[in-house]
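Take a look at the structure set out below.
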Amino acid sequence: MGSSLLCPSSSASILLRMKSQTQLGPRFSIPNLNRGKIERRNLFSSPSRVTSVRALLKGTQYARIGAESTGPIPAKELLGVVELAAKTGSEVVMEAVNKPRNIMFKQGKSDLVTETDKMSEASILKVVNGNFKDHLILGEEGGLLGDVASDYLWCIDPIDGTTNFAHGYPSFAVSVAVLFRGRPAAACVVEFVGGPMCWNTRTFSASAGGGTFCNGQKIQVSQTNKVEDSLLVTGFGYDHDDAWLANINLFKEFTDISRGVRRLGAAAVDMSHVALGISESYWEYRLKPWDVAAGVLIVEEAGGTVTCMDGEAFSVFDRSCLVSNGSIHGELLERIGPATKKLMKNGIDFSPWFKPEEYATDF
Ligand code: IPD
Ligand code: CA
Ligand code: CA
């Protein structure tokens with residue numbers, strides 16, 4: 001049984017976040033991804049082909065991102081532990097939400113972490129370890145822990161939307177997911193809603209093939225089928241690189257042609273809102289596995305679609321993510337696809353990241 005520890009948030013490893021996968025050192029690697037990619041490479045080449053491209057994409061079946069099963073552990077048992085872990089973390093956050101914050105900085109002046117992030121993660125780890133001693137765990141604050149030979153990899157974001165949490169601004173969450181052989185198998189996001197004097201939570205959960213639930217009720221994505229009738233959401237990471245700039249332009253473009261584009265500041269919340277049907281899509285470059293692993297399953301199990309921003313099949317180790325209600329996915333990709341392909345053509349790094357090197361996946 002192999003054991004490893006790597007902390008992506010420690011000062012030495014913060015630099016790793018920005019580097020290509022080949023520079024990430026022995027714990028992370030670029031897998032040879034062969035995920036049954038959907039061939040759409042030339043679909044966006046000519047604007048005059050927009051109508052026929054749209055027709056083509058509407059009929060496209062995008063590859064599923066969820067695991068085929070929860071493996072040898074029954075779905076109910078696995079999801080029960082995921083929910084307990086997220087609930088435990090959220091209790092730590094709720095305890096701190098009205099108190100003064102102890103704010104520290106990671107990469108720069110806008111990349112914050114608080115004592116509560118660390119305490120929440122510690123409480124989640126306790127639940128996971130207490131139930132599955134031999135599983136592999138990737139926590140945003142604590143890094144990689146456990147057995148790399150395990151088929152299960154837990155992806156933990158103890159507070160997604162730390163900046164919002166630090167300011168007492170709604171839109172943050174505790175996000176916990178477990179992958180089976182690289183694909184999300186069970187997920188839970190506890191969203192903090194309300195604000196000072198009226199904090200509350202709502203809980204989203206999903207298991208592969210089992211649907212998505214919010215506070216115990218089954219939920220579905222919206223049926224809106226045009227971007228012009230849609231409310232869209234995006235996000236911007238802490239690195240103000242070329243991908244960040246390209247997304248500023250996408251923000252402008254979609255603001256012009258939709259009912260509006262929001263920027264809430266918590267990826268797991270943004271995705272859960274698509275699952276709930278209160279927004280139609282969310283996209284962002286440079287998200288990490290702990291930002292996305294729970295949210296993407298929550299969207300897919302609510303009937304939505306998840307791909308990379310070039311339209312290719314998605315894994316949680318990819319550096320771009322587009323989720324939608326499915327109906328507008330093709331129309332979104334008419335603009336998001338070419339913008340992303342241009343970045344790729346210009347040599348911007350889109351190789352997978354934060355994949356534990358020896359962790360076995362099905363893709
Ligand atoms: C961040 C949030 C934010 C997104 C950033 C993430 P954090 O996570 O999800 O919405 O724009 O890219 O890093 O740092 O608050 O856990
Ligand atoms: Ca996050
Ligand atoms: Ca976080």
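The figures here come from the full heavy-atom set of this structure, side chains too, leaving out hydrogens, waters and symmetry mates. Computed from a prediction, not measured in an experiment: that's the story for all the values here.
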Notebook entry, point to check: Is there a donor-acceptor pair closer than 3.5 Å between any side-chain N or O of Trp290 and the backbone N or O of Ala177?
Noted result: no
Margin query: Can you confirm whether more than 12 heavy atoms, excluding those of Tyr169, are under 6.0 Å from its OH atom?
Written below: no
Note to self: Which heavy atom of Gly265 sits nearest to which heavy atom of Asp270, and what is that distance?
What the structure shows: N-OD2, 4.2 Å
Note to self: Please evaluate residues Glu300 and Arg64 with respect to the criterion salt bridge (charged side-chain N to carboxylate O under 4.0 Å, His left out), reporting the C-alpha separation (whole Å), side-chain torsions for both, the decisive distance (0.1 Å), and the verdict.
What the structure shows: CA-CA 8 Å; Glu300 182 166 278; Arg64 277 184 65 82; 3.4 Å; yes
Next item on the list: Please report the closest heavy-atom contact between Val93 and Ile159, naming both atoms and the distance.
Entry: CG2-CG1, 3.8 Å
Check: Taking atom OG1 of Thr255 and atom CG of Leu250, what is their separation to the nearest 0.5 Å?
Finding: 10.0 Å
Note to self: Are the side chains of His273 and Tyr282 in contact, using a 4.5 Å heavy-atom criterion?
What the structure shows: no
Check: Ignoring hydrogens and geometry, is there a side-chain-to-backbone donor-acceptor pair from Asn346 to Leu343 under 3.5 Å?
Finding: no
Check: Looking at side-chain heavy atoms only, is the closest gap between His240 and Leu245 below 4.5 Å?
Finding: no
Item checked: Centroid-centroid under 6.0 Å between Phe180 and Tyr152 rings -> yes
Margin query: Count I, L, V, M, F, W, Y as connected when their side-chain heavy atoms are under 4.5 Å apart, and connections chain through other members. Are Phe314 and Val274 then in the same cluster?
Written below: yes
Next item on the list: Mark yes or no for whether Glu121, through its side chain, and Gly142, through its backbone, hold a donor-acceptor pair below 3.5 Å.
Entry: yes
Check: Can you find a heavy atom in the side chain of Thr203 that is under 4.5 Å from one in the side chain of Lys87?
Finding: no
Notebook entry, point to check: Do Phe172 and Ile298 share a hydrophobic cluster (ILVMFWY, side-chain heavy atoms under 4.5 Å, transitive)?
Noted result: no
Next item on the list: Please confirm whether the backbone N or O of Ala206 pairs with a side-chain atom of Thr212, one donor and one acceptor, at under 3.5 Å?
Entry: no
Check: Would you call Trp283 and Leu232 a side-chain contact if the rule is heavy atoms closer than 4.5 Å?
Finding: yes
Next item on the list: Answer yes or no: is there a donor N or O on one side and an acceptor on the other, between the side chain of Tyr359 and the main chain of Gly182, under 3.5 Å?
Entry: yes
Margin query: Distance check, rounded to the nearest 0.5 Å: Tyr285 atom OH versus Leu322 atom CG?
Written below: 9.5 Å
Check: Minimum heavy-atom separation for Glu140 to Asp157, with atom names?
Finding: OE1-OD1, 3.0 Å
Check: Out of curiosity, does Leu287 fall in the hydrophobic cluster containing Val113 (side-chain heavy atoms, cut-off under 4.5 Å, transitive links)?
Finding: no
Check: Does the side-chain contact (heavy atoms from CB on, under 4.5 Å) test come out yes or no for Val82 and Trp154, once each step is laid out?
Finding: CA-CA 9 Å; Val82 172; Trp154 290 72; 3.6 Å; yes
Note to self: Quick check: closest heavy atoms across Glu331 and Lys226, and the distance to 0.1 Å?
What the structure shows: OE1-CA, 3.6 Å
Notebook entry, point to check: Regarding Thr162 and Asp117, is there a side-chain donor-to-acceptor distance under 3.5 Å anywhere?
Noted result: yes
Check: Nearest heavy-atom pair of Ile248 and Phe236: which atoms, and what distance?
Finding: N-CE2, 3.6 Å
Check: Mind checking whether Glu77 and Phe132 have side chains closer than 4.5 Å, heavy atoms only?
Finding: yes
Margin query: Using the rule given for side-chain hydrogen bond (donor to acceptor under 3.5 Å, both in side chains), can you reason through Ser171 versus Asn164, listing the C-alpha separation, both sets of side-chain angles and the distance that settles it, and then say yes or no?
Written below: CA-CA 6 Å; Ser171 274; Asn164 289 342; 4.7 Å; no
Notebook entry, point to check: Hey, are the side chains of Ser207 and Leu78 touching, using non-hydrogen atoms and a 4.5 Å cut-off?
Noted result: no
Check: Is it true that Arg319 and Asp349 make a salt bridge, defined as a side-chain N closer than 4.0 Å to a carboxylate O?
Finding: yes
Note to self: Under a 3.5 Å distance rule, please check whether Asp318 uses its side chain to pair with a backbone N or O of Ser315 as donor and acceptor.
What the structure shows: yes
Check: Got a second to check how far Arg101's CZ is from Phe165's CZ, nearest 0.5 Å?
Finding: 4.0 Å
Next item on the list: Examine distances only and state if a side-chain atom of Ser279 and a backbone atom of Leu231 form a donor-acceptor pair shorter than 3.5 Å.
Entry: no
Next item on the list: Apply side-chain hydrogen bond (donor to acceptor under 3.5 Å, both in side chains) to the pair Thr224 and Glu280, showing each step before the final yes or no.
Entry: CA-CA 7 Å; Thr224 306; Glu280 274 65 43; 3.2 Å; yes
Note to self: Given 3.5 Å as the limit, does a donor-acceptor pair link the side chain of Asn131 with the main chain of Val127, or not?
What the structure shows: yes
Next item on the list: Let me know which of Ile137, Leu179, Val148, Val178 forms a side chain to side chain contact (heavy atoms under 4.5 Å, CB included) with Leu153.
Entry: Leu179
Next item on the list: Without swapping roles, check the side chain of Asp160 against the backbone of Ala267 for a donor-acceptor pair under 3.5 Å.
Entry: yes
Notebook entry, point to check: At what distance, to the nearest 0.5 angstrom, does CD1 of Ile219 lie from OG of Ser205?
Noted result: 8.5 Å
Check: So Tyr62 and Val306, side-chain contact (heavy atoms from CB on, under 4.5 Å) or not? Walk me through it.
Finding: CA-CA 8 Å; Tyr62 297 97; Val306 184; over 6 Å; no
Margin query: Please check if the number of heavy atoms outside Glu115 that lie under 6.0 Å from its CD is greater than 12.
Written below: yes
Notebook entry, point to check: Taking a hydrophobic cluster as the set of Ile, Leu, Val, Met, Phe, Trp and Tyr residues connected by side-chain heavy atoms closer than 4.5 Å, whether directly or through intermediates, do Val128 and Ile73 fall within one such cluster?
Noted result: yes
Next item on the list: Write down the atom of Ile328, the atom of Ser230, and the distance for their closest heavy-atom approach.
Entry: CD1-OG, 3.7 Å
Next item on the list: Answer yes or no: is there a side-chain heavy-atom contact under 4.5 Å between Thr114 and Asn102?
Entry: no
Notebook entry, point to check: Do Arg259 and Asp229 pass the side-chain contact (heavy atoms from CB on, under 4.5 Å) test, and can you show the C-alpha distance, the side-chain angles, and the key distance before you say yes or no?
Noted result: CA-CA 6 Å; Arg259 288 193 179 165; Asp229 298 330; 3.8 Å; yes
Check: After noting the C-alpha distance and the side-chain angles of Ile257 and Arg335, does the key distance pass the side-chain contact (heavy atoms from CB on, under 4.5 Å) rule?
Finding: CA-CA 11 Å; Ile257 61 165; Arg335 286 163 190 266; 3.4 Å; yes
Notebook entry, point to check: What is the distance from atom CD1 of Ile348 to atom CG of Asp242, rounded to the nearest 0.5 Å?
Noted result: 4.0 Å
Check: Would you say Met119 has more than 12 foreign heavy atoms packed within less than 6.0 Å of its CE?
Finding: no
Notebook entry, point to check: Do Thr307 and His329 have side chains that get closer than 4.5 Å, going by heavy atoms?
Noted result: yes
Item checked: salt bridge (charged side-chain N to carboxylate O under 4.0 Å, His left out) between Glu95 and Lys99, intermediate numbers included -> CA-CA 8 Å; Glu95 179 65 28; Lys99 297 186 181 148; 3.1 Å; yes
Check: For the side chain of Thr340 and the backbone of Met309, is there at least one donor-acceptor N/O pair under 3.5 Å apart?
Finding: yes
Next item on the list: Kindly compute the distance separating CE (Met271) from OG (Ser281), expressed to the nearest 0.5 Å.
Entry: 11.0 Å
Check: Should Val81 and Val174 be regarded as members of a common hydrophobic cluster, given that ILVMFWY residues are connected when their side-chain heavy atoms come within less than 4.5 Å of each other, either directly or indirectly?
Finding: yes
